[in-house]
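So the structure is just underneath, and the comments pick up after that.
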Number of protein chains: 2
Amino acid sequence: MKSQTAERQDVHNQPADGEAVPRVCASCESRHRGICGALSPPELLRLSRTSGRRTLLYGETLIGDEQSVQSFANILSGAVKLSKILPDGRQQIVGLQFAPDFLGRPFHRESHLSVEAAATTQLCTFPRAEFERLIADSPGLEHRILEQTLMQLDEAREWMVTLGRKSAREKVASFLLAIARYIDPDRTGGEIVFDLPLTRSDMADFLGLTIETVSRQLTALKRDRLIQLEGTRRVTVLRHAMLEDAAGS
Amino acid sequence: MKSQTAERQDVHNQPADGEAVPRVCASCESRHRGICGALSPPELLRLSRTSGRRTLLYGETLIGDEQSVQSFANILSGAVKLSKILPDGRQQIVGLQFAPDFLGRPFHRESHLSVEAAATTQLCTFPRAEFERLIADSPGLEHRILEQTLMQLDEAREWMVTLGRKSAREKVASFLLAIARYIDPDRTGGEIVFDLPLTRSDMADFLGLTIETVSRQLTALKRDRLIQLEGTRRVTVLRHAMLEDAAGS
DNA sequence: CGTACGGTTGACGAGTGTCAAGGGTAGTGG
DNA sequence: CCACTACCCTTGACACTCGTCAACCGTACG
């Protein structure tokens, strides 16, 4: 549970000229598919001047519930879980984010959820205040954030159906399909192999189940030859269509 | 199941001068607390020229799943439920909206949920294309939409905890508290009386339960003197604190 | 008066959670 | 190289919540 924070070295920000992209940003995925794609080179420079890198190890929390938020971030690699915890300790994961997603809730001082690494994760962080000023100046940036927020809302609503109306088997099948779709969006048949990005415990918190039930449903899907398991993480989807049936769509 | 569509009469759009607010908008709640508050009088005029009124009766659907969306709307009065339906008919309500909320999913051609009146509802509708052009021209409008979307995301995530981790009793108590909070946001003690905006069936679809379970939990809360019921709709919250306990926060 | 609809209540059983035991694997220290 | 430990996962037995099925009530409406 250690964390490293490395301030970007100055040489990385030397612009060759006014139009150059900061070197830290040059090969960054967020600059292409993420929100930074909306920024012009000067704006990128402005943001990168105040940005820093940070590495989170599994289980490390970036920010807890009710804490005041001083910074936002882009995910460079890894996986982050957003979760809520009831007073008695019951937990529900309400969002999973991967590179190059933006992390943060603009226009609120306080976090109403806890943000935790679900794997070793690299972040590019920047101060909240500076970022909000940049939003105000750059409609394109706000537009990207709106698009990401709308997508997250779509995802959240999709999960609500899973949480509210699906059986344990359907929940687990839905989760496997969601991961498979993330790995290989176009594939709808044939075998797909991947490593689960979450532990059983995280899967349980994500699906509103217990770890025992998750485990039982996985072995049931394996017994029924819909999937194959090697170790605890590696999954092979054997019968995509049957798995979709099992997911109740 | 009838619907009325009344094109706004021209007289309503006569601006007294360039800065006047269209008459249809003059007393509209959406102009103050809703997204139209971001619009200047000329922009408001531009939008109102293409807008129309529509009344939906209970159960009437504005737009179904998978349908292409031609128009957006503001809710003038009433209540609207956003729901998703699984192939076998299981239904989950993923959002409830009231005046002066904006209805629509910008930047997508297709609806991925069905939008249905949960009570007699009045809408102010306008064409999708025209509205998206207006968004592009007006950063203030996009900002309001972002704020509403962020709020809806917060709400969705709050519900995910309820759906995934709470018992039937906690779900029903949480729902009652949410309504009470909507009716009287500041009150945290004393009696609160209100009419449920949803039928038992809608409450069940909202909470991921069956109508029988909802009914049983309501009578249980009544038996325990946390609430009082008159008829099927009117609820009196008797012990706010105990109801919050029952909701598991 | 009959019917339709929304809601309540009861009996029962399936699906999950709870509790407990044990297996597998990686890391640590002897 | 081999115990030892810690952690994650699996499996089983059992209990309990909640869904299913069915009967019935009350009100609105024709």
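If you're wondering where the values come from, they're calculated on a predicted model, not measured in any experiment. Letters A, B, ... are given to chains in the order of the sequence lines, protein chains preceding strands, and every chain is numbered from 1.
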When the distance from [atom1] of [X] to [atom2] of [N] is rounded to whole Å, what number comes out?
{"X": "E230(A)", "N": "dT10(D)", "atom1": "CD", "atom2": "P", "result": "14 Å"}
{"X": "Y58(A)", "N": "dA26(C)", "atom1": "OH", "atom2": "P", "result": "17 Å"}
{"X": "R223(A)", "N": "dT10(D)", "atom1": "CZ", "atom2": "P", "result": "14 Å"}
{"X": "E170(B)", "N": "dG17(C)", "atom1": "CD", "atom2": "P", "result": "14 Å"}
{"X": "Q92(B)", "N": "dG19(D)", "atom1": "CD", "atom2": "P", "result": "12 Å"}
{"X": "R169(A)", "N": "dG15(C)", "atom1": "CZ", "atom2": "P", "result": "11 Å"}
{"X": "L229(B)", "N": "dC25(D)", "atom1": "CG", "atom2": "C1'", "result": "16 Å"}
{"X": "K171(B)", "N": "dC18(D)", "atom1": "NZ", "atom2": "P", "result": "8 Å"}

TODO: In plain terms, say whether D224(A) and R239(A) are close enough for a salt bridge, that is, a side-chain N and a carboxylate O under 4.0 Å apart.
DONE: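 No salt bridge links D224(A) with R239(A).
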Task: Ionic contact status for E212(A) with R200(A), cut-off 4.0 Å - done: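 Between E212(A) and R200(A) there is no salt bridge, as every charged N stays at least 4.0 Å from the carboxylate O atoms.
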To the side chain of [X], which of [options] is closest?
{"X": "S215(A)", "options": "dG19(D), dT9(C), dC9(D)", "answer": "dC9(D)"}
{"X": "R216(A)", "options": "dT20(D), dG7(C), dA13(D)", "answer": "dA13(D)"}
{"X": "S167(B)", "options": "dT11(D), dC18(D), dT9(C)", "answer": "dC18(D)"}

Open item on the list: Test salt bridge (Lys or Arg N to Asp or Glu O under 4.0 Å) on D195(B) and R234(B); report intermediate values, then the result.
Closed with: CA-CA 4 Å; D195(B) 284 325; R234(B) 173 140 306 182; 3.0 Å; yes
TODO: Measure the spacing between CD1 of I85(A) and OG of S249(B) and express it to the nearest 0.5 Å.
DONE: 12.0 Å
Does a side-chain N or O of [X] approach OP1 or OP2 of [N] to a distance below 4.0 Å, or not?
{"X": "T210(B)", "N": "dT20(D)", "answer": "no"}
{"X": "T213(B)", "N": "dG19(D)", "answer": "yes"}
{"X": "R200(B)", "N": "dT8(C)", "answer": "yes"}

TODO: Select base, sugar-phosphate, or nothing to describe what G208(B) touches, counting heavy atoms under 4.0 Å on all strands.
DONE: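 Sugar-phosphate: the residue G208(B), judged by heavy atoms under 4.0 Å, touches backbone atoms but no base.
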Open item on the list: Under 4.0 Å, counting only non-hydrogen atoms across every strand here, what does L218(A) touch: a base, just sugar-phosphate, or nothing?
Closed with: nothing
- [ ] May I ask you to decide if the ring planes of F102(A) and F126(A) are parallel, tilted or perpendicular, using 30° and 60° as cut-offs?
- [x]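 Geometry flag for F126(A) against F102(A): parallel rings.
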TODO: Look at the side chain of R233(B) against the base of dG6(C) and say whether a donor-acceptor pair falls under 3.5 Å; ignore hydrogens and angles.
DONE: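 Check fails, no donor-acceptor contact within cut-off.
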Task: Distance-only donor-acceptor test (3.5 Å): side chain E212(B), base dC18(D) - done: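 Flag unset: no donor-acceptor pair detected.
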